[in-house]
Amino acid sequence: LPPIDARMREIIKEQQPFIRDEIDADRARVVFEDHKYKLEIIEDASTDPMSATEAGLVRTYENPPNFIDLCRGPHVEHTGRHLGHFKLMRVAGAYWRGDEKKPQLQRIYGTAWASNKELDEHLHRLEEAAKRDHRKLGVELDLFSFPEEIGSGLAVFHPKGGLIRKLMEDYSRDRHAAAGYEFVNSPHISKADLFETSGHLDWFADGMFPPMELDEGQRYYLKPMNCPFHILIFRSRLRSYRELPQRFFEFGSVYRYEKSGVIHGLTRVRGMTQDDAHIFCSKEQMPGELRSLLTFVLDLLRDYGLTDFYLELSTKPAGKAVGTDEEWDEATEALRAAALDMDLELVMDEGGGAFYGPKISVQARDAIGRTWQMSTIQADFQEPQRFGLEYIGADNERHRPVMIHRALFGSVERFFAVLVEHYAGAFPAWLAPVQARVLPVTADHEPYAVRVTERLRADGFRADMVEASEGLGSRIRKAKLEKLPYVLVVGGDDVDHGTVGVNARGSEQPERDVPVDTFVARLAGDVTAKG
RNA sequence: GCCCGGGUAGCUCAGACGGCAGAGCAGCUCACUCGUAAUGAGCAGGUCAGGAGUUCGAUUCUCCUCUCGGGCUCCA
């Protein structure tokens, strides 16, 4: 048998015509009697009034002499049209009609373009995307790994990745503190009762790690979410309306038993840390709170270097949902109003909300145009009710607060992966584990190189030095591969004049004889500029 | 979880009818002291993912498990 793509090229060359016909369902059942999946489609087409053909008829396309298939069409006139520039990419199983309860068929994926040039460009883009894959860069830049001994979907961060992560978290904490959040902490495990009250065990038990059974019969679970813990903090004493809104923030580690086939690098893991916060406010406060929250989220994402956004609003799902229509309308309108204020494209996801509340999510496009779902802001009508949350209002009556879930990063791990891919590993100065590396030309210049390094460190920068035990060219090459923002070469001239040779990442030519103070000011500017 | 394909040194990979395990890079040692992308020599480095089976003998063949990749389904 010839390879599939070779046979495809033959068929293209043959310019087989596509002959359209419409036949009645009975006839179709005969023609396709050996094809059980096609018979299923014929049944649906002959009974579905919305089918592409008039009732009772199904459309076929035939390539004489011996191939006929069902298709709504339209088709090009013959097989020689348009398809000369394709490449088969992969094979995969796909569930019949997208239903995991149904059998799987083999699907062959390919890509086709109007010209070889466009095909090559497409393949080139795929290669470029592969180069910035965070899983590959994670190894190359020594950022993190997934030791087999620990378990699937459970990452360890190495010193450089750990440092980047710390810088991400530090900045996030600073900004949250400035925005009126309070920092809370909660344990990683809890008795089953908590997740029964929250409802997680009812609808999400499959997604949780199995329970730990204690001798006295108590069952404990690893937490899949932080919200019940924050709710208990809110409920720990009687709250006054004067205290609202209450904003509780935590880098909370959660564990979810993701199905083995869905685990993917740092973007889909079984153990992760959410930059999670829950806002408890009055109904009246909600619109203002959502607006300032969305501003805060976008502002912060921009500081991390993401600048191209659109928003998606997910509304009430059909069927059962908790909360009254009035509550849904209020919250949805508040989210919509906040979104419209942002002057960004707003995409509606009608009926896409969770059953417990509407949500807005921020989609960000990265450096090569891929979109990532980033932050989510979600109203929740369910948990305040399940936990019986209350506060005392100005009227001296008890009221139920509104609860807003929100995460900017989603998870620190996932956001880390997005940043690695967005920057292709070339982190901006404020996030770079090493901001400047000093390279003495020969051993004679090492004392000066040490002084330059110490100077940078004294000014609060992350600088290191590699001594002249190997060639300068080799050391420069290694520093470039590490994607450091700056490489400083110091030789005799520099020792004499108090200067450095500056190699900025991305520029071909070094700048010679730059005074150290000038470089320090430049680096300081880069760090302040953030993303 | 399902379909398909992988797992050989830290990394990238070669290898074999079933018969002592290979390279480059990285690492270490020594020499070289060099002004912008790989200085040279030497040394060390392996339960061939793990377990079971077949066999005189398995890294190689078979089965199971773990794990990775591409998809499907899922992502509160």
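Chain A is the first sequence line, chain B the second, and so forth, proteins listed ahead of strands; every chain is numbered from 1. This is a predicted model, so every value here is computed, not measured.
Computed from coordinates, the A/Glu149 CD to B/rU47 P distance equals 12 Å when rounded to whole Å. Rounded to a whole Å, the CD1 atom of A/Ile263 is 17 Å from the P atom of B/rC72. Counting to the nearest Å, the P atom of B/rC34 and the CD1 atom of A/Ile476 are 15 Å from each other. Taking atom CZ of residue A/Arg475 and atom P of nucleotide B/rA37, one finds them 13 Å apart after rounding to whole Å.
In a base pair of the Watson-Crick type (N1 to N3 plus N6-O4 or O6-N4) or a G-U wobble (N1-O2 and O6-N3), with each distance short of 3.5 Å, B/rU59 is matched with no nucleotide. Pair assignment for B/rU47: none, as no Watson-Crick or G-U wobble contacts are both less than 3.5 Å. Across all strands shown, B/rC28 is found opposite B/rG42 as a Watson-Crick or G-U wobble partner, with both distances under 3.5 Å.
Between A/Ser152 and B/rC68 there is a side-chain polar atom (N or O) within less than 4.0 angstrom of OP1 or OP2. When the side-chain nitrogen and oxygen atoms of A/Ser260 are compared with OP1 and OP2 of B/rU67, none of them lie within a distance under 4.0 Å. Between A/Tyr95 and B/rG1, a side-chain N or O to OP1/OP2 separation shorter than 4.0 Å is absent. Contact annotation: A/His445 side-chain N/O to B/rG35 OP1/OP2 distance is not under 4.0 Å. Between B/rG69 and A/Arg135, a contact under 4.0 Å exists linking OP1 or OP2 to a side-chain N or O.
Using a 4.0 Å heavy-atom cutoff across all strands shown, A/Phe146 reaches no nucleic acid atom at all. Within the nucleic acid shown, A/Tyr356 comes within 4.0 Å of sugar-phosphate atoms alone, with no base atom in reach, counting heavy atoms only. Residue contacts shown for A/Asp494 include a base, since a base heavy atom lies under 4.0 Å away. A/Gly473 comes within 4.0 angstrom of the backbone, heavy atoms only, and of no base. Backbone-only engagement by A/Ala94 is indicated by non-hydrogen atom pairs under 4.0 Å involving sugar-phosphate atoms exclusively. Using a 4.0 Å heavy-atom cutoff across all strands shown, A/Ala468 reaches at least one base atom of the nucleic acid. Using a 4.0 Å heavy-atom cutoff across all strands shown, A/Asp493 reaches at least one base atom of the nucleic acid.
Spacing of P atoms, B/rA41 relative to B/rG24, comes out at 10 Å, to the nearest Å. Comparing the C1' positions of B/rU55 and B/rU62 gives an interatomic distance of 12 Å, to the nearest angstrom. B/rU29 and B/rG35 are spaced 25 Å apart, taking the P atom of each and rounding to whole Å. Atom name P, nucleotides B/rC30 and B/rA16: the rounded distance is 40 Å, in whole Å. Of the C1' atoms belonging to B/rU8 and B/rG50, the separation is 15 Å, rounded to the nearest Å. Atom C1' of B/rA23 sits at a distance of 11 Å from the matching atom of B/rG15, rounded to the whole Å. One C1' atom belongs to B/rC20, the other to B/rG10, and the distance between them is 25 Å to the nearest Å. B/rU59 and B/rA9: their C1' atoms are spaced 14 Å apart (whole Å).
By the 4.5 Å heavy-atom criterion applied to side chains, A/Arg522 and A/Val514 are not counted as neighbours.
Of the candidate nucleotides B/rG1, B/rG35, B/rA38, B/rG1 has the atom lying nearest to any side-chain atom of A/Lys259. In this structure, the nucleotide among B/rG35, B/rG1, B/rC3 sitting nearest to the side chain of A/Val489 is B/rG35. Considering only the side chain of A/Thr442, B/rU33 comes nearest among B/rG70, B/rC72, B/rU33. Looking at the side chain of A/Gln106, the nearest of the listed nucleotides B/rC3, B/rC66, B/rG35 is B/rC3. Closest to the side chain of A/Ala92, out of B/rU39, B/rG1, B/rG71, is B/rG71. For A/Val91, the listed nucleotide lying nearest its side chain is B/rC4; candidates were B/rC4, B/rC72, B/rA37. The side chain of A/Arg512 lies closest to B/rG35 when the candidates are B/rG35, B/rG7, B/rC4. Closest to the A/Pro510 side chain, of the nucleotides B/rU39, B/rU36, B/rG35, is B/rU36. Looking at the side chain of A/Lys478, the nearest of the listed nucleotides B/rC34, B/rA26, B/rC72 is B/rA26. Closest approach to the A/Leu472 side chain among B/rC72, B/rG35, B/rU39 is made by B/rG35 (side chain taken as heavy atoms from C-beta onward).
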Assess whether side-chain hydrogen bond (donor to acceptor under 3.5 Å, both in side chains) is satisfied between A/His497 and A/Thr499, documenting all intermediate values. CA-CA 5 Å; A/His497 302 114; A/Thr499 56; 5.0 Å; no
Walk me through it: do A/Tyr304 and A/Met168 pass the test side-chain contact (heavy atoms from CB on, under 4.5 Å)? CA-CA 8 Å; A/Tyr304 286 95; A/Met168 288 166 57; 4.1 Å; yes
side-chain contact (heavy atoms from CB on, under 4.5 Å) evaluation trace for A/Glu327 with A/Lys316: CA-CA 11 Å; A/Glu327 281 177 315; A/Lys316 187 174 180 176; over 6 Å; no
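No option in A/Tyr220, A/Tyr221, A/Phe195, A/Tyr257 other than A/Tyr257 meets the ring pair (Phe, Tyr, Trp, His ring centres under 6.0 Å) test with A/Phe209.
Taking a cutoff of 4.0 Å between a charged side-chain nitrogen and a carboxylate oxygen, A/Arg336 and A/Glu333 qualify as a salt bridge.
Shown here, B/rC17 is classed syn by the O4'-C1'-N9-C4 or O4'-C1'-N1-C2 angle, which is within 90° of 0.
Positionally, the nearest nucleotide of RNA chain B for A/Val139 lies more toward the 5' end than for the other of A/Val139 and A/Gln378. Between A/Gly98 and A/Pro224, the residue whose closest nucleotide on RNA chain B is further toward the 5' end is A/Gly98.
Counting atom types as modelled, A/Gln104 pairs a side-chain N or O with a base atom of B/rC2 as donor and acceptor under 3.5 Å. Between the side chain of A/Lys101 and the base of B/rU73, no donor-acceptor pair under 3.5 Å is found. Residue-to-nucleotide contacts include a donor-acceptor pair under 3.5 Å from the side chain of A/Asn503 to the base of B/rU36. Between the side chain of A/Arg268 and the base of B/rC74, at least one donor-acceptor pair of N or O atoms lies under 3.5 Å.
Residues A/Phe157 and A/Phe416 bring their aromatic ring centres within 6.0 Å.
A donor-acceptor contact shorter than 3.5 Å links the side chain of A/Arg505 to the backbone of A/Lys483. A side-chain donor-acceptor contact under 3.5 Å links A/Asn503 to the backbone of A/Val487.
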